[in-house]
Amino acid sequence: MDMNLDLANKFYRQMLLIRRFEEKCVEMYSKEKIRGFLHLYIGEEAVAVGVMNALTSDDAIFATYREHGQALARGVPPNKIMAEMFGKVQGCSRGRGGSMHLFDAKTRFYGGSAIVSGGLPLAVGMALSDQMMKRDRVTVCFFGDGAVAEGEFHESLNLASLWKLPILFICENNLYAMGTALKFTESETNISLKAASYRIDSSQVDGMDIITVAQAAQEAVAKIKNGNGPVFIECLTYRFRAHSMFDAELYRDKTEVAVWKEKDPLVILHQQWTGINIDKYENEIALIIDEAVAFAENGTLESIDDLEKYVYSAEGVQ
Amino acid sequence: MNSIITYREAVRQALREAMEQDERVFLMGEDVGHYGGSYAVSMGFLALFGPQRIIDTPLSESAFTGAGIGAALGGMRPIVEIMTVNFSLLALDQIMNNAATLLHMSGGQFNVPLVIRMATGGGKQLAAQHSHSLEGWYAHIPGLKVLTPATIQDAYNMLGLALRDPDPVLIFENSMLYNTKGVLDPQIQPLMIGKARVQRAGKDLTILTYGISLFKSLEAASALMKEGIDVEVIDLRSLRPLDDETIMKSVAKTHRVLIVDEGWKSGSISAEIMARINEQAFYELDAPMQRVCTVEVPIPYAAHLEQAALPQAEKIIAMAKKIMEKQ
């Protein structure tokens, strides 16, 4: 990957968009415009932005309930994401999904799954369909360290490797499955080793450094497109905020959070590329977010008459 | 041309034709390839269609069912075979939380054209982890369609109907039916999903049933006819959606109802049917509705205990007579 200032600018802008967008979400949550669960990605932006950079519009994405960052980095319009969180019909899932279930057919964004590890089998199947139809595509599956404890993680890695599927597994290891540290739940805390045991090309990278993530993702996609089967990247990262808006954060030390905040992906990138025009992006993004909030505010609520829609396909859907 | 074939052969024929007609169709599950299918439904298909389309999976019900959902999202028409309904519980998360919800959660963007076939039912002395009838459970879930082919014709037709459906369809094949024989007319226009069929017309009492209990009910109906009780037997065919119209029409005709279901009574599809009749046709009833269901025990191994637990023609006859005693 040829790193240059243009790319550094692009990365910074996308990460800043996620950061500021989510800060606005918190504000909207406290104003009770957004309800339900709200899981923030702040601190982990380098992972989503770095990985998405390696993809084309033909590739597919499966993500978790902490997926605002992936959706924004993929190019799901901020207006539609904010409207979704406001529960409006103009939202990317017509207000039926909310924060945890963002979907967007146009960008091949397949959600937004809130059952930990539940998206892995789906990604395996999508990659299987690409292999069967001989389509030159990659399916990317994001999941957290918590998913590693689920049987579906192991079942899915086995299938992906056995069938040599074009799939990129991105493990966002932020050290905690909700409020329980990985060290209390896993006999082996190096997750990339588990993937390697399924004979998957596997590595562990610094998930706070976007250049490292982007480089690893680009190499992985190239390998996958060469027909070498799945690649697994464990990104070591950290969420700066609580698990959700209901989390009092009693399980981790403030000094630990402070140490990780020194590795803030935005700060690190700016240190490496001092030419990034932060002020310009702050201004641009403030406008985008204001517009998203206005769009969501002005959105309409779906008629209750349509409540039972989308349980089954309308006639003629194929 | 009509032919007399087994239920197994009817499913096989439907499967073979579906794979020949649509290259998006493939079969995936435990032992479907080299072994030939645990009930020999796909025997020889591996040689016929190759390992790309007849896929032996590891014992990973959750992952291969989820992979079926993913492949359906990707434009394929997967048929996932789960060896028995009991094993499907290992894939319940994928069936319930993904297959049934994706269309709705995505605001109508992503439908899941997936077919899941599984064996169901008792009677083979396979004890309490291989013998249950949990199809009624699945009928609880919005987003799914639940089919229960009993006849040879339906064993053949329902797979094609399910594959043409844009949403997830579960097909429950009672394992005691695979060796049964009947007439197949491949040219017949299939009765659509969600339609029940009056299998035997009668005027005194309606039996509502599905799956293997259909044949036990028909046997009971023949015996009852000799005693002057003319029973109408309805094959529900589909537990979700249920054909309220056909049910209520029959209730209005006979005014007496017996439901025969190999599932348990509590919180069941038989209870649901009673509730619907109560809501929609209460004043048509001349006697309290009754049920013959599986006794509420995990299915035991010993043959006499297992047979005592399952619905049988004698129980159906006795219950029908009891209903007829009420004036």
Side-chain angles (χ1 to χ4, degrees), chain A residues 60 62 84 89 91-98 100-106 110-115 117-133 135 137 139 150-159 162-163 165 302 308-318, chain B residues 23-24 26 28 51-53 55-78 80 90-91 93-94 96-114 141-145 164-169 193-194 240-241:
Chain A
F62 289 83
E84 184 60 33
V89 71
C92 58
S93 308
R94 296 181 69 92
R96 291 176 189 250
M100 298 191 287
H101 306 298
L102 305 175
F103 287 85
D104 184 50
K106 208 174 272 180
Y110 289 91
S113 174
I115 305 295
S117 88
L120 278 93
L122 302 187
V124 165
M126 179 62 73
L128 178 65
S129 74
D130 287 336
Q131 187 186 63
M132 287 175 152
M133 291 191 171
R135 294 183 295 223
R137 291 172 170 177
T139 297
E150 297 281 2
E152 282 178 329
F153 169 87
H154 299 275
E155 294 183 10
S156 299
L157 261 57
N158 180 49
L159 289 181
L162 184 72
W163 296 340
L165 298 178
E302 185 157 23
E308 291 176 79
K309 264 189 171 177
Y310 313 119
V311 177
Y312 297 100
S313 297
E315 287 291 316
V317 174
Q318 280 303 311
Chain B
E23 61 180 19
R24 298 173 303 170
F26 70 96
M28 171 164 66
Q52 286 290 322
R53 298 184 71 197
I55 304 176
D56 277 325
T57 64
L59 311 188
S60 303
E61 286 82 359
S62 194
F64 71 72
T65 302
I69 299 167
L73 289 172
M76 300 298 288
R77 291 293 178 273
V80 168
L90 293 161
D93 165 52
Q94 288 297 332
M96 165 74 219
N97 285 318
N98 284 331
T101 61
L102 276 166
L103 181 71
H104 189 84
M105 280 198 305
S106 68
Q109 291 178 87
F110 296 117
N111 63 302
V112 180
L114 170 69
I141 304 171
L144 301 181
K145 290 176 182 167
R164 282 192 290 281
D165 197 281
D167 299 313
V169 179
I193 291 176
R240 187 180 187 101

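Chain naming here is simple, since letters A, B, ... match the order of the sequence lines and numbering starts at 1 in each.
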- Query: Can you tell if the side chain of B/Q94 reaches within under 4.5 Å of the side chain of A/L122, non-hydrogen atoms only?
  - Reply: yes

- Indicate yes or no: at least one non-hydrogen side-chain atom of B/R24 is less than 4.5 angstrom from one of A/M133. yes

If I compare all heavy atoms of [X] with all of [Y], which pair ends up nearest, and what's the gap?
| X | Y | value |
| --- | --- | --- |
| B/L103 | A/Y312 | CD2-C, 3.4 Å |
| A/V124 | B/A67 | CG1-CB, 4.1 Å |
| A/L159 | B/A63 | CD1-CB, 3.7 Å |
| A/R96 | B/G107 | CD-CA, 4.4 Å |
| A/V311 | B/G143 | CG1-N, 3.4 Å |
| A/F103 | B/S106 | CG-CB, 3.4 Å |

- Task: Show the numbers, then the answer: is there a side-chain contact (heavy atoms from CB on, under 4.5 Å) between A/L128 and B/M28?
- Result: CA-CA 12 Å; A/L128 178 65; B/M28 171 164 66; 4.2 Å; yes

Find the one option among [options] whose heavy-atom pairs under 4.5 Å with chain B are most numerous.
| options | value |
| --- | --- |
| A/D104, A/T139, A/V89 | A/D104 |
| A/S113, A/G91, A/A105 | A/A105 |
| A/E308, A/M100, A/K309, A/H101 | A/H101 |
| A/G118, A/S156, A/G98, A/G111 | A/G118 |

Can you tell me how far apart [atom1] ([X]) and [atom2] ([Y]) are? Round to the nearest 0.5 Å.
| X | Y | atom1 | atom2 | answer |
| --- | --- | --- | --- | --- |
| B/M76 | A/M126 | CE | CE | 12.0 Å |
| A/M132 | B/R53 | CE | CZ | 8.5 Å |
| A/S93 | B/Q109 | OG | CD | 6.0 Å |

Given that the side chain runs from C-beta out, which part of [X] has a heavy atom under 4.5 Å from chain A: side chain, backbone, both or neither?
| X | value |
| --- | --- |
| B/I55 | side chain |
| B/E61 | backbone |
| B/L114 | neither |

Picking from [options], which has the most non-hydrogen pairs under 4.5 angstrom with chain A?
| options | value |
| --- | --- |
| B/P168, B/S60, B/G75 | B/S60 |
| B/N98, B/I69, B/T65, B/L59 | B/N98 |
| B/V112, B/L90, B/L73, B/T101 | B/L73 |

Less than 4.5 Å to any heavy atom of chain B: does that hold for the side chain of [X], its backbone, both, or neither?
| X | answer |
| --- | --- |
| A/R137 | neither |
| A/D130 | neither |
| A/F62 | side chain |

